[in-house]
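To keep things clear, I will list the structure first and then write my remarks on it.
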Number of protein chains: 2
Amino acid sequence: MDNDIHYRMFSQTVEYALRAVVWLAQHPGKPLTRQQIAGATQAPADYLAKVMRALGQAGVVQAGRGVHGGFMLARSSDAISVLEVVNAVDPIRRIHSCPLDLPSHSLRLCPLHRKLDDAVAQIEAALGSTRLSDLTGEGGQVRPLCEAAQIVRGAASP
Amino acid sequence: MDNDIHYRMFSQTVEYALRAVVWLAQHPGKPLTRQQIAGATQAPADYLAKVMRALGQAGVVQAGRGVHGGFMLARSSDAISVLEVVNAVDPIRRIHSCPLDLPSHSLRLCPLHRKLDDAVAQIEAALGSTRLSDLTGEGGQVRPLCEAAQIVRGAASP
DNA sequence: GGAGTTATGGATAATGATATCCACTATCGG
DNA sequence: CCGATAGTGGATATCATTATCCATAACTCC
């Protein structure tokens, strides 16, 4: 409201979750550990533990413990939508009733909240129709999350 | 991420700001005081002071002090977009560069962040094309923010 | 000009999201 | 079985948002 960077349409938690599952989608086959994912996606490893747990409980990823443990997508990357990932960690909240703090008699929203809910619905639809496979480049070919991430990988693993 | 209600696509501050300007749009002519707006829109009066100040600095509302003071829209309600109100208090942040914490060499976003930014752009467009007059009912006729708000007004002012 | 009213601006407190840390459990390889 | 590895779960710290409070400035009416 006043000075510098803060407001985000998507929470930091959602950011981490999406980076993680995209990275997993780009590296199928063997499980990746939390440390590996954290390193690649520039997420704090300790916090990522919580995020991954939420993804596991939601059935988006499959976790394995022990020496060859780590995380894999629970299904193929074209069977998981971005919306599912978002909802696993920070559910998108549609506006079903008037947010004024009253028992909602109203079944219909006022023009303002109808507009806002329409906007949320748009997002929901956009995320729901996007699959993880849409974000990994065609043919399972490995693509970096961003150009910048590619640079990091190059620098970190000579 | 775990148990109950939290995540919102729009911040509480944005909610208050929008309720306030919609209420102002529905009551043109004379200025409304912070207390009046707070009462009608169920917003905490003290916090609303800050929100209104931000709206004033952004040129969305016009403030007057003293005995017949209060707030009025700075322009007519069909000359103010919802986006302008949102940006006045909690600017929508487009994703211009990779959020990974590196100097952004990359001019192009990766598929993930392109998708996310597209979603944000959709919201921006939807809010930008909606005017306050679109939210007040046709012909300047007074409509409540929500059905619930109408009930409150009825109960509060017999 | 004085009294009362109302926004302004800053300081401070409470709340929720984010981040860190540690003990525990499951799994694998010997 | 033993030790090492890696996820699980909970406790705690940090930080931004939200909320409250107070002193001050501007304005109206008398």
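By convention in this document, chain letters (A, B, ...) are assigned in the order of the sequence lines, proteins followed by strands, and residues within each chain are numbered from 1. The structure displayed is predicted, hence computed values, not measured ones.
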Within the 4.5 Å heavy-atom criterion, are [X] and [Y] side-chain neighbours or not?
{"X": "L18(B)", "Y": "L116(A)", "result": "yes"}
{"X": "D46(A)", "Y": "R34(A)", "result": "yes"}
{"X": "E124(A)", "Y": "R94(A)", "result": "yes"}

* Side chain of R53(B), base of dA7(C): donor and acceptor closer than 3.5 Å? -> no
To the nearest angstrom, how far is [X] atom [atom1] from [N] atom [atom2]?
{"X": "Y47(B)", "N": "dT20(D)", "atom1": "OH", "atom2": "C1'", "value": "12 Å"}
{"X": "Q35(B)", "N": "dC21(D)", "atom1": "CD", "atom2": "P", "value": "12 Å"}
{"X": "K50(B)", "N": "dT20(D)", "atom1": "NZ", "atom2": "P", "value": "12 Å"}
{"X": "L48(B)", "N": "dT8(C)", "atom1": "CG", "atom2": "C1'", "value": "14 Å"}
{"X": "Q62(A)", "N": "dG7(D)", "atom1": "CD", "atom2": "C1'", "value": "13 Å"}
{"X": "I37(A)", "N": "dG7(D)", "atom1": "CD1", "atom2": "P", "value": "8 Å"}
{"X": "D46(A)", "N": "dT8(D)", "atom1": "CG", "atom2": "P", "value": "14 Å"}
{"X": "R34(B)", "N": "dT20(D)", "atom1": "CZ", "atom2": "P", "value": "12 Å"}

* When the nearest nucleotide of DNA chain C is assigned to G56(B) and to A49(A) on a heavy-atom basis, which residue is associated with the more 5' position? -> G56(B)
Return the nearest nucleotide to the side chain of [X]; candidates are [options].
{"X": "H68(A)", "options": "dA19(D), dG7(D), dG29(C)", "answer": "dG29(C)"}
{"X": "V67(B)", "options": "dG9(C), dT5(C), dT18(D)", "answer": "dT5(C)"}
{"X": "Q12(B)", "options": "dA19(C), dT8(C), dA19(D)", "answer": "dA19(D)"}
{"X": "R65(A)", "options": "dA7(C), dA26(C), dT18(C)", "answer": "dA26(C)"}
{"X": "P44(B)", "options": "dA6(D), dA11(D), dA19(D)", "answer": "dA19(D)"}

* Using a cut-off of less than 4.0 Å, is there contact between a side-chain N or O of T13(B) and OP1 or OP2 of dT18(D)? -> yes
* Asked: Is V85(A) reachable from M72(A) through a run of hydrophobic residues whose side-chain heavy atoms are each under 4.5 Å from the next?
  -> no
* To do: For R131(A) and D78(A), run salt bridge (Lys or Arg N to Asp or Glu O under 4.0 Å): C-alpha distance rounded to whole Å, both residues' side-chain angles, the deciding distance at 0.1 Å, then the answer.
  => CA-CA 5 Å; R131(A) 305 172 181 287; D78(A) 59 3; over 6 Å; no
* To do: Answer with base, sugar-phosphate or nothing: what part of the nucleic acid does Q36(A) contact at a heavy-atom distance below 4.0 Å?
  => nothing
